[in-house]
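Read through the structure below, which is laid out as structure tokens, and then see the notes.
One-based numbering, in listed order, for ligands and for the atoms of each.
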Amino acid sequence: MFSPNVNHIVEHPAAGYRKIFETVEELNEPLPTEVTGVLPSWLSGSLLRMGPGLFEVGAEPFHHLFDGQALIHKFDLREGHVTYHRRYIRSDAYVRAMAEKRVVITEFGTAAYPDPCKNIFSRFFTYFQGIEVTDNCLVNIYPIGEDFYAVTETNFITKVDPDSLETLKKVDLCDYLSVNGVTAHPHTDADGSVYNIGNCFGKNMSLAYNIIKIPPPQKDGSDPLKRSEVVVQLPSSERFKPSYVHSFGMTENHFVFVEQPVKINLLKFLSSWSLRGTNYMDCFESNEYIGTWFHVATRDPAAYLSSHKFRTSAFNVFHHINAYEDQGFIVVDLCTWKGSDFVYNYLYLANMRAEWDKVKESAMRAPQPEVRRYVLPLDIYREEQGKNLVSLSYTTATAVLRSDGTVWLEPEVLFSGPRQAFEFPQINYSRCSGKNYRYVYGLGLNHFIPDRIVKLNVRTKDTRLWQEEDSYPSEPLFIPTPEAIDEDDGVLLSIVVKPGAERPSFLLVLDARQMTELARASVNTIIPVTLHGTYKPRTP
Ligand SMILES: CCCCCCCCCCCCCCCC(=O)OC/C=C(C)/C=C/C=C(C)/C=C/C1=C(C)CCCC1(C)C
Ligand SMILES: [Fe+2]
């Protein structure tokens, strides 16, 4: 561990990060690891993570970071021993690509072309058959009831066996719910209910964001998905252009949705899709004028609070950190990127695999990251126009009622460093989700390259970090110590790739209080980049 200053920029002239964007083979059986240090005796379970693993099919490359075929990874911890396993998800996208040795289903930034072997008539019909939406579930894995699902952001989720990593079943959410897709970042209540948000393109081109609820495991053993429902519908600020949504906030009594100026041009999406060479990335556009809108709904009864229109300047947001209620305010902490230019435009594999100088050059043009706190007053009175309505003693965030009835928000900056993002945030979720809290852990992105793990105290803005030379960590998951007293009493789990090492990847176990290494379990293979995941404790 080195570099005590979080804003000290570490250089990567050897470009070792390129290794995490290369294709690997799946394993037939788990690999042993070499454990150094001491693993906590209570840590027994599986770290499951998703990411891209196959970055080309035959001679056809995938172009974007979010296109590679989904690979599920598992580090299994049991009585001080650790194994590592990985399998490709048998999605339709993967199975058909393998069979035809070409990209068959269009991915986020890579279009599929019709089979050159088909005659001109069947190719014509393939174009106009409509959209074949991808089921490439590379983004996350989480439980619904007793089952585990690997997910992307479309309507297809894939049930997997968390022990064998085998693919079990493809599920179409449209069979149960009125949504076109949902995020890969649901919230889970203490009772096991799962909440999520997704775009809904309704009849007559009506547009909305639907918040859905999947109930907890059912006493009769039936699939909770069968009882899922839309609990509240939030309106779209633009008629044909819903915003891209990657996550949302949930407090004890409210849902918070941040409508960002990165828009999906629906007309383009529906019309141009059948044209040769179009992919999802082609259907996004930035609205430079609309800024960012916050929407709030109550949870019980679920209802949209339409009277307050919360506005602020333009930013991209992918990850909500946490949101909670305090003294009549909703506090919303976010990982933001300034401006309306879409951050995903900078995540093409050609950018990520470039030489270090080029990586830095391209990140200079991209939106700049900042961790921000916004505070939304719940009770607003007309006579308070022009005044700052936020009276929470501990924040400089403001909210001012304007003559048009909207409330203009200005944030408090919790963390900022030039081209140094604090992203992929994780909190002590079971204890702090929706509640006032102190700590968030994140992946430090240096010009988009993940090269450190950071702990941020959102009350003092103090940071601590873990970093090692030529090492590329993943999102750190927080696992609390059983019977923990303090919020940060627990460990962080992260997969780290260190290309030059004898065993070039390891599971890193950090003491979350001190951010010091407790143990690492090293394995003799490169592990490609992973996006999100979950920890499944062993059940007796
Ligand atoms: C771990 C280190 C990574 C290295 C660099 C990362 C830089 C990150 C900078 C910002 C943070 C971004 C986080 C994003 C994380 C993520 O996992 O994103 C993956 C998202 C994917 C794959 C989204 C897919 C969405 C699809 C296919 C949506 C399809 C749709 C539309 C576009 C409109 C119509 C509906 C439909 C079909 C759902
Ligand atoms: Fe995400």
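- Of all the heavy atoms of Glu153, the ones lying under 4.0 Å from any atom of ligand 1 are found in both the backbone and the side chain.
- Atom 3 (C) of ligand 1 has its nearest heavy-atom neighbour, among Val245, Thr530, Val529, in Val529.
- For the ring-ring contact (aromatic ring centres under 6.0 Å, His included) test, residues two or more places apart in sequence or in another chain that qualify with His295 are Phe257, Tyr304.
- Heavy-atom separations between Phe201 and ligand 1 include at least one value shorter than 4.0 Å.
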Under 3.5 Å, which donor-acceptor pairs link side chains of residues 440-447 to any protein atom two or more places apart or in another chain?
from, atom 1, to, atom 2, distance (Å)
Asn446, OD1, Gln420, NE2, 3.0
Asn446, ND2, Val10, O, 2.6
Asn446, ND2, Asp451, OD2, 2.9

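- Judged by the shortest distance from any of its heavy atoms, Ile449 lies outside the 4.0 Å radius around the atoms of ligand 1.
- Using a 4.0 angstrom heavy-atom cutoff, Glu475 does not count as in contact with ligand 1.
- Here Lys461 pairs with Glu412 in a salt bridge; the nearest charged N to carboxylate O distance falls below 4.0 Å.
- Here the protein heavy atom with the shortest distance to atom 33 (C) of ligand 1 is Ile264 CD1, 3.7 Å.
- For atom 5 (C) of ligand 1, the closest non-hydrogen atom on the protein side is Phe448 O, 3.3 Å.
- With a 4.0 Å heavy-atom cut-off, ligand 1 is reached by the side chain of Met352 but not by its N, CA, C or O.
- Cation-pi geometry between Arg353 and Phe21 is not met: the NZ or CZ atom fails to fall both under 6.0 Å from the ring centre and inside 45° of the normal.
- Of the candidates Phe284, Phe318, Phe424, Tyr344, it is Tyr344 that places a heavy atom closest to atom 14 (C) of ligand 1.
- Not close to ligand 1: Glu107, with no non-hydrogen atom less than 4.0 angstrom away.
- The closest approach between Asn199 and ligand 1 stays at or above 4.0 Å for every heavy atom of the residue.
- Heavy-atom distances between Asn136 and ligand 1 stay at or above 4.0 Å for every pair.
- At a cut-off of 2.8 Å, measuring from the Fe ion (ligand 2), the protein N, O or S atoms that fall short of it are His185 NE2, His246 NE2, His319 NE2, His532 NE2, waters left aside.
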Original post:
Could you go step by step and tell me if His64 and Tyr348 meet the ring-ring contact (aromatic ring centres under 6.0 Å, His included) rule?
Top reply: CA-CA 4 Å; His64 198 272; Tyr348 281 91; 4.7 Å; yes
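- Salt-bridge annotation for Arg96 and Glu132: present, with a side-chain N of the basic residue lying under 4.0 Å from a carboxylate O of the acidic one.
- Between Lys360 and Glu11 there is a salt bridge, since at least one side-chain N of the basic residue sits less than 4.0 Å from a carboxylate O of the acidic one.
- Contacts with ligand 1 closer than 4.0 Å are made by no heavy atom of Asn140, backbone or side chain.
- In this view, Thr251 and Glu325 satisfy the side chain to side chain donor-acceptor pair (under 3.5 Å) rule, not counting sequence neighbours.
- Using the six-membered ring where Trp is involved, Tyr472 and His12 have ring planes that are tilted, between 30° and 60° apart.
- Comment: Arg372 does not engage Asp333 in a salt bridge, judged by the lack of any side-chain N to carboxylate O separation of less than 4.0 angstrom.
- Checked for salt-bridge contact, Lys263 and Glu285 miss the test: no charged N lies under 4.0 Å from a carboxylate O.
- Between Glu355 and Lys358 there is no salt bridge, since none of the side-chain N atoms of the basic residue sits less than 4.0 Å from a carboxylate O of the acidic one.
- Ser416 and Lys338 share no side-chain donor-acceptor pair at under 3.5 Å.
- Among Tyr280, Phe108, Phe156, the residue whose heavy atom lies nearest to atom 31 (C) of ligand 1 is Tyr280.
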